[in-house]
Amino acid sequence: MTVQFRIHGDIAVIQLDYPPLNNLSLELRKALSTCLDDVGSNAAIKAAIIIGSEKVFCAGAGESDAGIMDAHPDIRHLVAQMDSAAKPLIAAIGGSALGGGLELALGCHYRVALTSSMLALPEVTSGLVASNGGIQRLPRIIPVARAAEAILGGTPIPVDEAAQLGLLDEVVEGSLLDGALRFAARLLASGKDTRRIRDMTPRIDDATAFFERKRAELKKSARGRVAPLANLDCLEAAVTKPFDESQDYIKATYMQLAAGTECKALQYSAFAVCEATRIPDVPANTPIREIGSAAVIGAGTMGGGIAMCFANAGIPVTVIDSKQEAIDRGLATITKNYAATVTRGRLTQTEMDRRLRLISTACDLSAASKADIIVEAVFEDMPVKEQVFRNLDAVAKPGAILATNTSTLDVDQIAAATSRPHDVIGAHFFSPANVMRLLEVIRGGNTAKDVIATTMALGKRIGKVPVLAGVCDGFIGNRILEKYRVQTMLLIDEGASPQQIDNALVSWGLAMGPFAMGDLAGNDVSWLIRKFRAKMGRNYTPNPLADQLCEMGRYGQKTGKGWYRYESGNRKPIPDPEIETMIAEHRRKLGITPRKVTDEEIVEHCVYAMTNEGTRIVEEGIAIRASDVDVVYVNGYGFPATRGGPMFYADTVGLAKVIATIDGYVGGYRGDSWKPSTWLRKLAGEGGKFSEGRQQQ
Ligand code: ZOZ
Ligand code: NAD
């Protein structure tokens with residue numbers, strides 16, 4: 001069944017019944033169109049209600065096959081049929097009315113909704129535009145400026161506001177159907193008739209000035225994205241041109257966007273996240289351990305954020321640190337972060353209090369004895385971690401998962417400090433741990449399969465995107481980061497500044513440049529890693545500037561100074577002349593006369609360094625597939641999903657061009673820092689793509 005048709009007195013009820021999301025499949029569209037014809041031809045029916053379930057009205061197209069989407073009646077024609085119906089149509093919205101779902105509701109003459117409903121045109125977030133009348137009707141029923149905000153951000157319009165703006169005619173309490181029937185009866189009694197949004201006039205004072213201003217704003221903020229500007233162009237056409245005239249332009253723009261790289265990259269990114277949970281030797285039916293409580297060791301930058309992840313998911317967590325002042329500071333930071341979210345209106349005070357109640361603290365490791373999972377987040381120092389795991393082995397209950405948040409260290413060596421290496425795993429969170437979606441799960445040589453399955457499942461439960469990696473120095477993410485940061489330091493040698501590098505990468509689409517990111521994560525963490533590598537004589541690349549920075553106590557945001565300086569209570573990086581002097585002195589010592597480095601070469605050096613190392617990581621089996629590298633970078637390091645990730649991006653550039661560019665670097669300044677990947681060269685020679693093979697053969 002796709003649609004149910006009932007008659008209540010003189011009101012027809014057309015119920016979308018196509019679980020789980022009432023997507024606008026061809027079958028549903030045909031059935032709905034037939035019901036609309038029946039309403040029109042039955043003289044006893046005076047009005048009709050279109051309703052879904054109380055959880056979902058309709059979540060849009062849900063189909064990307066152009067052939068099926070274009071088959072008659074396509075969504076646009078179905079909405080037009082509704083719009084031109086001779087009897088009042090009322091959309092009764094429960095739950096989500098997203099994309100095509102909201103477009104369907106906008107094709108009705110009236111709309112009522114439950115308070116729990118979600119109304120949005122999120123197409124821009126998929127690199128698309130709402131081409132079935134949504135972008136034309138929304139700015140006719142609510143003010144253009146507010147419609148622009150909702151369309152360009154793809155964000156929901158809260159129900160209360162929707163009612164106030166006229167997008168909803170009534171907010172229903174209790175049963176949605178009863179409320180809609182009452183509304184329809186009142187409507188008929190009042191003698192009101194159909195009311196077509198397409199005939200309304202968009203509300204805006206000076207359209208030319210508005211769109212000019214918006215375009216200038218977007219050019220700055222879109223950071224290489226195509227869809228936001230395309231949406232703005234369509235919105236302008238929708239507002240300034242007659243309804244039918246703008247329709248063809250919007251449809252053509254949709255087709256262009258759907259065929260474009262940005263939309264494909266976003267589709268790929270979503271697919272890659274699902275793919276990452278497929279582990280060949282750990283099938284989906286692997287039993288998992290029950291996780292009812294957690295402990296986190298270390299109340300520093302990461303420990304606090306990790307504790308928030310557990311509390312946010314309703315899992316009680318004990319934070320343990322050897323120092324009471326570290327606990328006090330950690331708890332204060334957690335409270336401050338929650339309070340900021342409350343202030344922004346994204347969390348209620350009650351929910352904040354509930355989450356804080358789930359977090360307890362202790363100074364003694366024995367407080368972890370009842371936890372089902374213990375995540376260690378102490379200093380990045382092997383002897384310290386080994387000691388913590390030795391102690392945990394003595395106190396943790398049998399079957400508890402012992403996880404380390406190490407950034408780079410050998411998980412097998414840490415596991416060897418315990419009598420239960422099969423229970424030990426890496427659970428690598430990313431800074432800020434409460435915000436970044438990635439959870440890099442590191443499988444040791446002895447890690448039990450149920451421990452892997454449980455940690456991957458727990459990752460999903462706490463709202464993360466889990467990706468499995470093997471043991472090596474830095475795993476997937478930081479091993480690539482190391483190579484990328486080497487390039488940034490060489491670009492500094494040559495003449496670039498930290499802010500030029502950060503700005504170039506942010507303008508290209510990264511959420512944050514590498515220097516601001518170092519300040520966020522703590523430059524002291526990498527310093528500890530360098531010292532350890534130097535001591536072990538393994539994987540050590542000198543970084544005199546970063547060492548000097550740490551010797552000056554410039555650890556980053558946590559000390560108010562790093563590559564930038566920070567004003568109290570503000571995370572905005574401010575360039576600091578002290579750093580310019582330090583860099584100038586460094587170049588003088590190297591005997592380098594600075595040259596002009598272009599933004600293009602900054603982006604190319606950095607991104608190709610990621611691709612090149614990502615390739616090796618797949619070749620060595622540290623990552624299961626190339627798309628896992630992309631998932632790590634998009635969800636853990638702010639790489640733009642609109643470019644897919646460093647591997648997908650290389651595909652879009654063309655692998656032959658990428659390897660030729662890298663070969664060119666080998667002959668340039670510190671060319672010895674590049675080791676062009678043999679797999680990349682082979683694949684380029686074969687005319688292949690990472691996103692076709694995905695898995696290393
Ligand atoms: O700028 C966004 C971003 O995604 N930046 C990239 C961050 C990144 O790359 N992280 C990875 C660091 S590397 C790492 O973690 C691995 C590691 O092992 C490092 C170890 C050393 C390396 C060894 C090398 C060999 C970001 C999400 C940060 C901010 O987003 P927006 O620009 O959209 O800003 P807002 O203001 O809208 O923030 C969104 C929410 O995030 C909260 N937030 C921001 N900064 C925070 C923070 N929370 C806690 N701590 C911070 N520092 C902010 O409050 C807001 O929260 P809600 O709840 O109000 O939404
Ligand atoms: P941090 O210096 O901010 O915090 C470490 C905390 O551990 C301190 O509060 C310290 O008092 C406590 N501690 C030290 N030894 C302890 C012990 N024996 N018992 C109990 N507590 C102890 O460090 P951080 O940045 O939170 O990093 C912690 C771990 O997470 C490191 O392994 C680091 O590599 C990793 N990591 C860091 C980041 C980042 O961005 N900072 C990201 C991912 C992973």
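Counting starts at 1 for both ligands and their atoms, following the listed order.
- Ion pair R225/E262 flagged as a salt bridge, since at least one NZ, NE, NH1 or NH2 atom sits closer than 4.0 Å to an Asp/Glu carboxylate oxygen.
- Of all atoms in ligand 1, listed by their number and element, those nearer than 4.0 Å to a heavy atom of G636 are 8 (C), 9 (O), 10 (N), 11 (C).
- For atom 18 (O) of ligand 1, the nearest protein heavy atom lies under 4.0 Å away.
- Closer than 4.0 Å to atom 55 (C) of ligand 1 lies at least one heavy atom of the protein.
- The nearest heavy-atom contact from the protein to atom 48 (N) of ligand 1 is R571 NH2, 3.7 Å.
- Residue T406 has no N or O atom closer than 3.5 Å to an N or O atom of ligand 2.
- Residues R146 and E161 are paired through a salt bridge, judged by an N-O separation under 4.0 Å between the basic side chain and the carboxylate.
- There is no protein heavy atom closer than 4.0 angstrom to atom 38 (O) of ligand 1.
- When all heavy atoms are compared, the tightest approach of T488 to C606 is CG2-SG, 3.8 Å.
- Using a 4.0 angstrom heavy-atom cutoff, F430 does not count as in contact with ligand 2.
- Taking a cutoff of 4.0 Å between a charged side-chain nitrogen and a carboxylate oxygen, E613 and R616 qualify as a salt bridge.
- In terms of polar-atom proximity, defined here as any N/O pair under 3.5 Å, N405 does make such a contact with ligand 2.
- In this structure, atom 34 (O) of ligand 1 has no protein heavy-atom contact shorter than 4.0 Å.
- Less than 4.0 angstrom separates some heavy atom of L520 from each of these atoms of ligand 1: 7 (C), 52 (N).
- With respect to K531 and E380, no salt bridge is recorded, no charged nitrogen being found less than 4.0 Å from a carboxylate O.
- For A377, the closest heavy-atom approach to ligand 2 falls below 4.0 Å.
- Of all atoms in ligand 1, numbered sequentially from 1 with element shown, those under 4.0 Å from a heavy atom of E482 are 25 (C).
- Ligand 2 has an N or O atom lying under 3.5 Å from an N or O atom of M302, backbone or side chain.
- By the definition of a contact as any protein heavy atom under 4.0 Å away, atom 23 (O) of ligand 2 is not in contact.
- Here CD of Q413 is found 12.5 Å from NZ of K385. Values are rounded to the nearest 0.5 Å.
- Checked by distance only, ligand 1 and T408 stay at 3.5 Å or farther apart across all their nitrogen or oxygen atoms.
- For the pair K558 and D519, the salt-bridge criterion is not met [side-chain N within less than 4.0 Å of a carboxylate O].
- The proximity of P432 to ligand 1, defined as any non-hydrogen pair under 4.0 Å, is limited to the side chain.
- Between V378 and ligand 2, an N or O atom pair is found at a separation short of 3.5 Å.
- The closest approach between any non-hydrogen atom of R485 and ligand 1 is not below 4.0 Å.
- Here R538 does not pair with D473 in a salt bridge; the nearest charged N to carboxylate O distance is not below 4.0 Å.
- For ligand 2, one of its N or O atoms has an N or O atom of D321 under 3.5 Å away.
- Atoms of ligand 1 lying under 4.0 Å from at least one heavy atom of A511, given by number and element, are 1 (O), 2 (C), 3 (C), 4 (O), 5 (N).
- The aromatic rings of Y665 and Y608 sit tilted relative to each other, their planes meeting at an angle between 30° and 60°.
- Near Y637, the atoms of ligand 1 lying under 4.0 angstrom from a non-hydrogen atom of the residue are 9 (O), 13 (S).
- The nearest protein heavy atom to atom 26 (C) of ligand 1 is not closer than 4.0 Å.
- Contacts with ligand 2 closer than 4.0 Å are made by side-chain heavy atoms of A326 only, the backbone lying farther away.
- Heavy-atom minimum distance, V124 versus G153: CG1-C, 3.9 Å.
- Those atoms of ligand 1 that come under 4.0 Å of a heavy atom in F430, given as number and element, are 14 (C), 15 (O), 16 (C).
- Taking 4.0 Å as the cut-off, G474 does not count as a neighbour of ligand 1 on heavy-atom distance.
- Atoms of ligand 2 lying under 4.0 Å from at least one heavy atom of F429, given by number and element, are 42 (C), 43 (C), 44 (C).
- The distance from ligand 1 to the heavy atoms of M517 drops below 4.0 Å at these ligand atoms: 8 (C), 9 (O), 12 (C), 13 (S).
- For the ligand labelled ligand 2, residue Q387 lies outside the 4.0 Å heavy-atom shell.
- Minimum interatomic distance between A265 and G644 (heavy atoms only, all atoms of both residues): CB-N, 3.5 Å.
- The line from CG of L266 to CZ of F271 is 15.0 Å long, rounded to the nearest 0.5 Å.
- For F532 and W527, the gap between ring centers reaches or exceeds 6.0 Å.
- Ring planes of H428 and F430: tilted class, angle from 30 to 60°.
- Between H428 and ligand 2, a contact under 3.5 Å exists for no N or O pair.
- Residue contacts with ligand 1 for E380 are absent, since no atom lies close enough (heavy atoms, distance under 4.0 Å).
- Looking only at atom types and distance, the side chain of T408 has no donor-acceptor partner in the side chain of N478 under 3.5 Å away.
- A salt bridge is absent between E482 and R485; no separation between the charged side-chain nitrogens and carboxylate oxygens falls under 4.0 Å.
- Here's the thing with V388: none of its N/O atoms is less than 3.5 angstrom from an N/O atom of ligand 2.
- Atom 2 (O) of ligand 2 has its closest protein heavy atom at F379 CE2, 3.4 Å.
- Electrostatic pairing of R670 and D672 counts as a salt bridge here, judged by a charged N lying under 4.0 Å from a carboxylate O.
- Some N or O of S407 is nearer than 3.5 Å to an N or O of ligand 1, by distance alone.
- By the 4.0 Å N-to-carboxylate-O rule, E325 lies too far from R329 to be salt-bridged with it.
- Looking at heavy atoms from C-beta onward, V375 lies out of side-chain contact with I297 at the 4.5 angstrom threshold.
- With ligand atoms numbered from 1 in the order given, ligand 1 contributes 23 (C) to contacts under 4.0 Å with heavy atoms of I529.
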